[in-house]
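A short write-up of the structure that comes next.
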Amino acid sequence: MEYNFRDIEKKWQQRWQESGVYRVPNDSPRRKFYVLDMFPYPSGAGLHVGHPLGYIASDIFARYKRLKGFNVLHPMGYDAFGLPAEQYAIEHGVHPAESTARNIATFRSQLDKIGFSFDWDREVRTSDPKYYKWTQWLFLQLFNSWYNRKTNRTEPLDTLIRILESDGNKDHPIPDTQFQIPEYPQVTFTAEAWNSFPETTKQVILMEYRVAYCGFGEVNWCEALGTVLANDEVINGVSERGGYPVEKKRLRQWYLRITEYADRLLQGLETVDFSEAMKEMQSNWIGKSSGAEIDFRIAGHEDDMLKVYTTRPDTIFGVDFMVLAPEHELVQRITTAGQEKEVDKYVSYVKSRSERERMAEKRITGVFTGAYAINPFSERKIPVWISEYVLAGYGTGAIMAVPSGDERDHKFARHFSIPVTNIIGDAYNGTEANPTKDTILSNSGFLDGMVMRDAIDVVISRLEETGAGVRKVHYKIRDAAFSRQRYWGEPFPIRWEDGIAIPLDPSELPLELPFVESYRPGPEGEGPLANIPEWTARRLETNTMPGYAGSSWYFLRYMDPHNDAAFCDRKASDYWQQVDLYVGGTEHAVGHLLYSRMWTKAMYDLGLISFDEPYKKLLNQGMIQGSSRFVYRVRGSGEFVSAGIRDQYETDQLHVDVNIVDGVELDIDAFRKWKPEYENAVFILEDGTRALPGQPAPGKYICGAEVEKMSKSKVNTVNPDHIVEKYGADTFRMYEMFLGPVEMSKPWDTKGIEGVHRFLKKLWRLFFDDSGLIIKEEAATDGELKILHRTIKKLEEDINRFSFNTCVSAFMVCVNELTEVKCHKRAILEPLLICLSPFAPHVAEELWEQAGRTGTVISQQFPEFDASYLTETSKEYPVSVNGKLRTQIRISLDATQDQVQDLVLQHPVVVRWMEDKPLKKLVFVKGKMINVVV
RNA sequence: GCGGGUGUGGCGAAAUUGGUAGACGUAUCAGACUUAGGAUCUGACGCCGCGAGGCAUGGGGGUUCGAGUCCCUCCACCCGCACCA
């Protein structure tokens, strides 16, 4: 009987579906385990072989945990709102709801062929009103909350109102400087003042405290997409999607006050099992730095203070000039008449340079304003300059420049011949700045003789005493822009009345997205919803939420997906708790992961869930790259020249569909059929001969090869459907794992799959030969048991460190060895099948049944490793090392300390290290080699 | 520039706390069975050498009885951030 994977896989996928084996209960005496994949955005292109890599890894782990007796939650769903569906709608006139539904159907049928153990009863779609009802509800929770810095918690707005009524806001100043009501410029107010404010004023002030708030701010506006983007959606000044230019624009926007959570997001990283790289990316994004904010007086401008932020207040005596961002508000006021012309010229020069130009070429430019600041300690007069190297958006938009300690400041000083004060003695060589903190200060007034590192605190204390500055912790992270001027997203459950945002009552949710015919942007930077009369008549918010809204909490909805009374029953979230294993790509490091961590913390503070980190362990799968193939067309002709001899011609390199290339050899006939214009192509083959249309090719045409990102335009995508059709899902699953470590990126190579396929056929032959089923009932020998248990031991260890590629190798070794000793015994093969089932579930189930077992393999237990068969008897290996003869003794695993001692004593040990190291050390290394000089 | 990671045969890779480097798989070559094979099986396969043997884990140095693994240093590649004060 042949290994007929097509029938087998069809049969078992159907059976699993009918019997609902992968349905998971929410109440179980078994321990829980939650394995989650980052849910896909259902794009129109469908899956290529790179997409399922993470899903296969997580499926293997979920199945393994199930075999270990856990109640495993392993769901899948779709992140279905977002820009691409809307762009597609604009271009093709298909409603996003329709194209999304169609794409989901394609995804689902592709996923189903691979044999995943998802509980599809728990599927979620973020664009489903039943789902986004709760996204809106959670938004209202954030809207109705504020961040109390005293308790360091998210709290309901009521607690703030009570505080304001009794104490004013002196203990709880407005969180940022965006105070927007010109009539009330005072940032602090008393209880009396608060109580006397009219309701509208109160509301405007409260908005400044809300966790989800609406305000005016500089946003990343993308004209081509007609919407604003979050900082993480902008890469090098262009949009992540589409690569369109992005500019700064001041617009009314919704925000999430993620900055208040910066410190907790940072600290939380320590409690969580993410890769170093991932933690680094997140903490860089948060960008915490600590230092001081210092006020410099300006000569002749008694009312103005020049505020700078520095991480190095210890260098205060080394300040030789100040630099303002050209956009800084003080520039106009302090510029002297003599410098006005120069300054204006410079400011317009800076404005003419785009963000991209600025980043592309970094020139040293700047202009003196004519004004002088005064050092708060030495009273020295310091010239104030403006320059584009100081960014308006960071810190206070102004710096104190210390050329002896900062390379940029130093270059600037040299360029404009500003004299440099040396405050670090020999550590400054006169030609280069030295940013050390570990040298002794000189020329520094009361700090002379102090180590810089220690001086930092001393200066800050002195600044605070004199009122010239304060200690300040600064974060790079900005509040997250939370609205999009787009159609295909969650509507905000907000109504506007006289400029006041009124939340809808929860009973009015979901606020459904109305059907539209046109996706044109509305007037004045508003979304398409502004074109709908019924919408604007109700004064509903016309923006929609961004893509990350629905994905910030989806892991909770899987726990209780059909609940219409709550986003997730508390009992369910208490049972399932955190995601134990979260599998996905690194591209979400600073977007989705940060947002969902923030939401989780807010929800925890508000008592909605019992944990404040969503993901316990994060596994980042690498990308599977495409292995592109090229043909070389001789320029100006229809002839194609083989890669090896293309240097003899002037050629153009063209991508060729990888599916019509075998390794690097082109299938010439398939190529001629590929596109009409190639129908009569002539090939100059590797050996110089020619292949003409209608004649058999006399030689081979060799293609060029290169590893690139897998994409349709490079015709290097490989569809998993084709692989599954040709080799089966089990082969596909095992091969994806066999390619290499999950975390690493690697190019797809269809050729290598044969080896894994051969392995499964070999396994099949252990049960079947020409005469049919061959399973022997006799007891297993020690040797056979050793083969089995060595495999199990390796699997146990490797699965738990997510080393799935070595697991596949272990299976191969095992089957090779069993074939060699012609072992067809039930006692060996059945445990092996159980081990194999997470990797190749279909074939495992089939063989299990063929062997006369009832029930599915997934209900069996994963056998425990039994060490007794692994013990090795002592062996001696003579080896020569450095010309001396040594004997290596392998000591058995269960050797006692005395036995080890005896072994060592049997040999005349002459090496000194034996005396140095106590015998305990030897016992510690039992099972390993010990070298003994004889 | 800063931070993180990686570097082992023709290729993908293994080697878990330092202990027989290259398991497993591909590719290639040779052979067997075959009318034939793109089925199956066997063997060879890091480099030098006829051989015994020697040399090999990006380069150099160190610690150690012993280093792919630990330390120092240099180089290359990949990823992230990037005038962050």
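Please read these numbers as outputs of a predicted model, since none were measured by experiment.
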W748(A)/Y735(A) under ring pair (Phe, Tyr, Trp, His ring centres under 6.0 Å): CA gap, chis, key distance, verdict: CA-CA 10 Å; W748(A) 175 263; Y735(A) 183 56; 5.4 Å; yes

Roughly, in whole Å, what's the span from [atom1] in [X] to [atom2] in [N]?
| X | N | atom1 | atom2 | value |
| --- | --- | --- | --- | --- |
| K411(A) | G1(B) | NZ | C1' | 9 Å |
| E817(A) | A23(B) | CD | P | 14 Å |
| K476(A) | C2(B) | NZ | C1' | 10 Å |
| Y735(A) | G25(B) | OH | C1' | 9 Å |
| H757(A) | U26(B) | NE2 | P | 12 Å |
| Y389(A) | A82(B) | OH | P | 19 Å |
| K709(A) | C79(B) | NZ | P | 11 Å |
| N284(A) | C79(B) | CG | P | 17 Å |

With respect to the phosphate group of [N], does any side-chain polar atom (N or O) of [X] fall under 4.0 Å of OP1 or OP2?
| X | N | value |
| --- | --- | --- |
| N620(A) | C79(B) | no |
| N805(A) | A14(B) | yes |
| Y394(A) | A85(B) | yes |

Close N/O contacts between protein and nucleotides 38-46 of chain B (under 3.5 Å):
from, atom 1, to, atom 2, distance (Å)
U40(B), OP1, K761(A), NZ, 3.4
U40(B), O3', R765(A), NH2, 3.4
C41(B), OP1, R765(A), NH2, 3.1

Which nucleotide wins on minimum distance to the side chain of [X], given the candidates [options]?
| X | options | result |
| --- | --- | --- |
| A277(A) | G4(B), C84(B), A13(B) | G4(B) |
| M281(A) | C24(B), G80(B), C84(B) | G80(B) |
| D798(A) | A85(B), A14(B), U16(B) | U16(B) |

F767(A) vs H824(A), ring pair (Phe, Tyr, Trp, His ring centres under 6.0 Å): CA-CA, chis, key distance, verdict: CA-CA 7 Å; F767(A) 286 86; H824(A) 307 291; 8.6 Å; no

Partner of [N] by Watson-Crick or G-U wobble geometry, both contacts under 3.5 Å, or none?
| N | result |
| --- | --- |
| C70(B) | G62(B) |
| U6(B) | A76(B) |
| G46(B) | C55(B) |
| C11(B) | G25(B) |

Sugar-phosphate, base or nothing in reach of E280(A), heavy atoms under 4.0 Å: sugar-phosphate

Sugar-phosphate, base or nothing in reach of N816(A), heavy atoms under 4.0 Å: sugar-phosphate

Decide, yes or no, whether a salt bridge links [X] with [Y] under the criterion of side-chain N to carboxylate O below 4.0 Å.
| X | Y | value |
| --- | --- | --- |
| R801(A) | E797(A) | no |
| R790(A) | E817(A) | yes |
| R471(A) | E293(A) | no |
| D749(A) | K751(A) | no |

Using the [atom1] atom as the point on both nucleotides, what is the distance between [M] and [N], in whole Å?
| N | M | atom1 | answer |
| --- | --- | --- | --- |
| C74(B) | A82(B) | C1' | 25 Å |
| C72(B) | C24(B) | C1' | 35 Å |
| G43(B) | C48(B) | C1' | 23 Å |
| G9(B) | A56(B) | C1' | 10 Å |
| U8(B) | A15(B) | P | 15 Å |
| C84(B) | A76(B) | P | 24 Å |
| A21(B) | U26(B) | P | 25 Å |
| G37(B) | G49(B) | P | 35 Å |

What's touching nucleotides 9-12 of chain B from the protein side, N or O pairs under 3.5 Å?
from, atom 1, to, atom 2, distance (Å)
G12(B), O2', L739(A), O, 2.5

Donor + acceptor pair across side chains of R733(A), T731(A) (<3.5 Å): no

Ring-ring centroid check F61(A) F802(A), cutoff 6.0 Å: yes

RNA chain B: 5'-proximal contact among T586(A) and S745(A) (nearest heavy atom): S745(A)

Comparing E797(A) and M400(A) on RNA chain B - which has the more 5′ nearest nucleotide: E797(A)

Donor-acceptor contact present, side-chain T311(A) to main-chain S290(A), <3.5 Å: no

Short side-chain to backbone donor-acceptor contact, K307(A) and A398(A), under 3.5 Å: no

For nucleotides 31-33 of chain B, give me every protein contact, N/O to N/O, under 3.5 Å, one pair per line with atom names.
none

Step-by-step ring pair (Phe, Tyr, Trp, His ring centres under 6.0 Å) determination, F412(A) to Y389(A): CA-CA 10 Å; F412(A) 193 88; Y389(A) 87 89; 5.5 Å; yes

Syn/anti label of G9(B) as read from its glycosidic torsion, with the cut at 90° from 0: syn

More than 12 heavy atoms from other groups under 6.0 Å of NZ on K279(A): yes

K746(A) atom NZ: more than 12 heavy-atom contacts under 6.0 Å: yes

From CA spacing to verdict: ring pair (Phe, Tyr, Trp, His ring centres under 6.0 Å), F416(A), F321(A): CA-CA 11 Å; F416(A) 292 105; F321(A) 56 102; 8.7 Å; no

